[in-house]
Amino acid sequence: MSVLHRFRLRRRGGWLQSPFVWALGVACLLEITFHAARYRVPVPPRELDAPFYTSCQEPVTDGPRENAAIVMLARNEEVEKAARSVRSIEERFNRWFKYPIVFLNDGPWSDEFIRTLNASTSAPTFFENVPKDQWTFPSWMDKNAAQASIKSQGDRGILYAGKETYHHMCRFFSGSFYTIEALKKYKWYWRLEPDVEFSCSITYDPFVEMARHKKVYGFTISLWEEKRTCPSLFREVSDWKEAQGVPSTALWNAGVDASWVPWPFRGMMSWFSHRDSAGDGWNLCHYWSNFEIADLDFFRGKKYQDLYQHLEHSGGFYFERWGDAAVHSLAVNMLAEPHQVHHFSDIGYRHDWYYQCPANAPGGQLPESTTLNEAQSKWADEIPGGVGCRCDCDGRRNRNHATYCLDKLKAPNTANRPLSTWLLSFIF
Ligand SMILES: *[C@@H]1O[C@H](CO)[C@@H](O)[C@H](O)[C@H]1NC(C)=O
């Protein structure tokens with residue numbers, strides 16, 4: 001076929017008759033399919049992350065404990081909200097297990113706070129301070145430029161981003177939290193915030209179970225991150241991952257939305273936010289870090305601390321408003337194996353307006369237990385499939401947020417995935 005003839009074919013709208021166009025189309029489709037298949041999350045043969053217990057246990061009040069603390073960052077003026085959280089965890093868990101509670105403040109504690117909080121629990125309490133140099137701008141940073149950026153972020157209405165201390169807090173929880181003197185002696189922590197509520201009894205020791213099952217990170221709720229708080233975070237993390245040659249786990253892949261743009265144009269997508277250098281995107285899913293039960297040594301380890309230093313020096317804790325939840329989540333998904341992450345589906349938890357509240361396990365409520373009855377003598381209906389212990393959800397059920405992120409982040413551990421999720425994970 002002469003060049004001229006081909007040209008005429010095209011002029012007559014004969015694009016579709018050109019074998020070249022067809023071959024190109026098929027090649028693109030194949031390329032996209034192969035590319036997307038690299039991010040496929042395999043379905044395990046059995047459930048890898050079941051709840052540790054799916055019914056009430058008789059609390060073992062004198063059993064062996066892990067080296068762990070409950071840790072709360074709070075301010076004097078939050079005394080009431082802080083006390084509510086501590087009373088809630090006391091009523092539902094710590095009255096039996098008596099893990100020490102470490103309170104952290106960026107300023108000096110008031111007598112009232114110490115008195116009230118100490119009286120809210122039967123466990124030992126410690127009132128500590130965040131080291132001054134951890135609650136300010138890094139010394140190398142242009143403070144005026146950072147403050148100007150914070151003001152502009154606030155003016156643009158980015159969630160909490162106009163508050164300087166919020167940036168300090170996110171940075172603190174992302175990095176130096178793990179290395180401060182007050183927490184040095186502990187291996188495990190349970191992060192507690194003012195104004196949270198536990199709506200089920202936790203009648204076993206989650207630290208002991210985390211250790212026994214070789215977990216490093218436990219969560220209750222997962223959500224989408226606010227897009228505008230972290231336009232360049234994913235790129236920084238994935239660049240570090242690439243530079244260090246860290247292989248992609250199924251959990252990392254579960255957080256990536258493979259790009260549909262064919263090679264060689266895919267790379268151009270990396271110009272957009274929340275994309276890695278290859279042009280693939282982060283689905284913004286993260287563990288909501290105001291509840292965390294985790295291994296401090298994981299975050300103290302060289303890999304995590306190197307990553308943190310890399311992020312710190314990019315300036316994103318101030319020139320954007322990176323949250324510790326997003327930072328922890330991306331790091332956990334990169335550096336931990338999927339089976340080391342645990343979803344506490346049996347723990348009823350509320351913070352702000354989001355909650356998770358499981359149904360109660362039928363026949364699993366130990367109605368005769370005097371120990372449990374002293375704490376909680378009434379509870380919501382027992383429903384088949386329920387995994388909770390004496391949950392009282394005030395008529396609320398399960399959770400009040402989309403399960404998209406939970407399904408995504410649990411995908412590497414979930415054998416009986418809903419068909420739709422499974423198909424999606426197969427195709428993408
Ligand atoms: C808390 O109260 C207990 C019992 O009254 C007391 O022994 C302890 O010293 C108090 N702790 C603090 C930090 O005030």
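The figures here come from the full heavy-atom set of this structure, side chains too, leaving out hydrogens, waters and symmetry mates.
A side-chain donor from one of N290 and Y349 sits under 3.5 Å from a side-chain acceptor of the other. For S369 and E58, the side-chain atoms include at least one donor-acceptor pair closer than 3.5 Å. Side-chain contact, K227 with S273: no donor N or O sits under 3.5 Å from an acceptor N or O. Checked by atom type, the side-chain pair Q376/S201 shows no donor-acceptor distance below 3.5 Å. With hydrogens and angles left out, the side-chain atoms of D392 and S199 include no donor and acceptor closer than 3.5 Å.
Qualifying side chain to side chain contact (heavy atoms under 4.5 Å, CB included) partners for E112, counting only residues two or more places apart in sequence or in other chains: V79, S110, R115, T116. Among residues two or more places apart in sequence or in another chain, the disulfide (SG to SG under 2.5 Å) test is passed with C170 by none. Remark: D276 pairs with Y39, F234, S238, A278, D280 by the side chain to side chain contact (heavy atoms under 4.5 Å, CB included) rule, at least two apart or across chains.
Formation of a donor-acceptor pair under 3.5 Å by the D205 side chain with backbone atoms of V208 is found in this model. With D142 contributing its side chain and N144 its backbone, the two residues share a donor-acceptor pair below 3.5 Å. Without hydrogens or angle criteria, N67 side chain to W188 main chain gives no donor-acceptor distance under 3.5 Å. Side chain of R38 to main chain of A258: no donor-acceptor pair is present (N/O by atom type, distance under 3.5 Å, no hydrogens or angles).
Taking a 6.0 Å sphere around CH2 of W109, one finds it holds more than 12 heavy atoms contributed by other residues, nucleotides or ligands.
Applying the ring-ring contact (aromatic ring centres under 6.0 Å, His included) test to residues at least two apart or on different chains, the pairs with a partner in residues 44-74 are F52-H213, F52-H342, F52-F344, Y53-Y204. Every pair tested for salt bridge (charged side-chain N to carboxylate O under 4.0 Å, His left out) that includes a residue from residues 330-347 fails, sequence neighbours excluded, so the list is empty. For residues 371-402, the set of pairs meeting the ring-ring contact (aromatic ring centres under 6.0 Å, His included) definition, not counting sequence neighbours, comprises Y354-H401.
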Check the pair C200 / C391 against disulfide (SG to SG under 2.5 Å), numbers first and verdict last. CA-CA 4 Å; C200 306; C391 304; 2.1 Å; yes
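The aromatic ring centroids of F93 and F198 lie 6.0 Å or more from each other. The aromatic ring centres of H168 and F137 sit less than 6.0 Å apart. Between W288 and H351, the distance from one ring center to the other falls under 6.0 angstrom. Aromatic pair Y287/H343: centroids not less than 6.0 angstrom apart. For F207 and F97, the ring centers are positioned 6.0 Å apart or more. With ring centers used as reference points, W140 lies under 6.0 Å from H313.
With W322 as reference, F317 is the one residue of Y308, Y166, F317 to meet the ring pair (Phe, Tyr, Trp, His ring centres under 6.0 Å) rule.
Considering only heavy atoms from C-beta on, L330 comes within 4.5 Å of W282 through its side chain.
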